[in-house]
Amino acid sequence: MSQSALNVAMYVTDVQMPMQRFHVIHYIALHKYRSDRPLWTFRSRALPTGIVHATATIKGLKLVSADGSKRKRQGAKGERTNAAPQPARVRTVKEIAAIAKVSVATVSRALQRPELVSEATRQRIHEVVKRLGYTPNALARNLRTARTRLIVALLPDITNPFFSEVIRGIEQVAHENGYSVLLGETQSSLVREQAYADMVAARQADGIITMSHRVPAIPIDGRLPVVNACEYVKDSKISSVYIDNVAAAGFAVDYLVTLGHRDIAFIAGPSSSPICVDREQGYRLALQRAKISANPTLTAIGDFSIEAGERAIELFLAQGQSFSAVFCSNDEMAIGAMRALISHGLRVPEDVSVVGFDDIRFARYTSPPLTTIAQPKNALGREAMTMMIELLNDPAVPPRKRVLSADLVVRGSTAPRAAGR
């Protein structure tokens, strides 16, 4: 920023102009000293005493106070200064097209869909763009690589703390490889998912990492630049990274059985989610291994929220069901279950043991601390982004289905079954 531009900003601040007028005059001043092209005229009318209006012209910037007196631009020591002439900058695609001797449509294609433009033409446009400074370096790089270096990460619920560590893993690998990440919350809406998918079709993003069981439709030729994380999809052409949810859920229930629990309630997640179906399957298989008959009235379906866990316990108690342990499909529902049990005078774990799933950050801080299945959240995110980069670098790379291990973390919410329960 030139000293003259700073003086304009200081002058405006000295007379205590409203902030919005400060920004407008500041903008005019900056751009006036970058170019000798006329910008526009800005006038503030019917201004209170002490407020100024500004006019930007091709000859200079003039500040006039409300009483009509003029103040000249001054340097750091009060002397008059002249702004050094600067070369004009090209500001429209039309000007780029004229200099490169191509049509406006060709310039647009070179900027947005470079694969549709011949190498020679694209190179010529790129040279004009670079020489005249029309675009930042990142976009100039995109002309050469046909990449935006932007990945969209789709998650169903941005308030769910489970996803924060997954996103961190994605971002870590993205940053290490020169990519940026755009988060998109879909709220399980097909319309929202498609809106983000359209960004890839329009070359506004390179690919999508989805944490849903659905793969959005992207109207492009060839292999879809999509990787699935946490959930998984049946499409064999989509690379995925996840855990074995059947085995992990079974491990949690096996542990409750070893503590002597026989009446084990289950709070499931949405049945539309494959991982929730798998966790319920793991629950039932563990009961079968222990030769325990599954009681349908001890199963409730939730939506992964704390409130869903509370509602499930209220339902079990209202039905007069007897149970000594509860296994939940995620930690938030487990936290809600503990809250409801305590509100009814039941002690955790002395009266009822509770096991969650995910090992979110808050699990260790509940009272008592929550026993849970720990998913490798950061590793899930890192592996998903690694798969995405591999796919973008070589679309012919075979799709992979990688299964990571999960662990049972035993804390204070579980204990041996109390006598009489």
Is there a side-chain contact between [X] and [Y] in this structure, where contact means two heavy atoms from C-beta onward sitting under 4.5 Å apart?
X: Ser329; Y: Tyr283; answer: no
X: Arg411; Y: Pro368; answer: no
X: Ile208; Y: Leu154; answer: yes
X: Met333; Y: Phe304; answer: yes
X: Arg339; Y: Ile335; answer: no
X: Thr414; Y: Tyr255; answer: yes
X: Leu370; Y: Arg364; answer: no
X: Glu390; Y: Arg400; answer: yes

Quick one: do Arg168 and Glu165 make a salt bridge, cutoff under 4.0 Å?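 Looking at Arg168 and Glu165, the cut-off is met.
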Between Glu314 and Arg311, does at least one N-O distance fall below 4.0 Å, as a salt bridge requires?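 The answer is no: the pair does not qualify as a salt bridge.
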Is it true that a side-chain atom of [X] and a backbone atom of [Y] form a donor plus acceptor pair closer than 3.5 Å?
X: Asp331; Y: Asp359; result: yes
X: Lys237; Y: Leu224; result: no
X: Asn330; Y: Gly356; result: no
X: Asp303; Y: Ser305; result: yes
X: Ser413; Y: Thr371; result: yes
X: Arg279; Y: Ala249; result: no

In terms of side-chain heavy atoms, does Ser324 have a donor or acceptor partner in His261 at a distance below 3.5 Å?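 The answer is yes; a qualifying pair exists.
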Does the side chain of Thr148 pick up a donor-acceptor pair with the side chain of Asp206 at under 3.5 Å?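 Yes, because at least one side-chain N or O of Thr148 sits under 3.5 Å from a partner of the opposite role on Asp206.
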Report the residue from Leu315, Leu298, Val326, Thr299 that forms a side chain to side chain contact (heavy atoms under 4.5 Å, CB included) with Ile267.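 Exactly one option meets the side chain to side chain contact (heavy atoms under 4.5 Å, CB included) with Ile267, and it is Val326.
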Has [X] got more than 12 heavy atoms of other residues, nucleotides or ligands less than 6.0 Å from its [atom1]?
X: Arg289; atom1: CZ; answer: yes
X: His344; atom1: NE2; answer: yes
X: Lys401; atom1: NZ; answer: yes

So, applying side-chain hydrogen bond (donor to acceptor under 3.5 Å, both in side chains) with Glu127, which one of Gln123, Arg124, Arg131 is it?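 Result: among Gln123, Arg124, Arg131, Gln123 is the only option passing the side-chain hydrogen bond (donor to acceptor under 3.5 Å, both in side chains) with Glu127.
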Test applied, ring pair (Phe, Tyr, Trp, His ring centres under 6.0 Å); reference residue, Phe266; option that passes from Phe327, Phe357, Phe323, Phe316: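 Only one of Phe327, Phe357, Phe323, Phe316 forms a ring pair (Phe, Tyr, Trp, His ring centres under 6.0 Å) with Phe266, namely Phe327.
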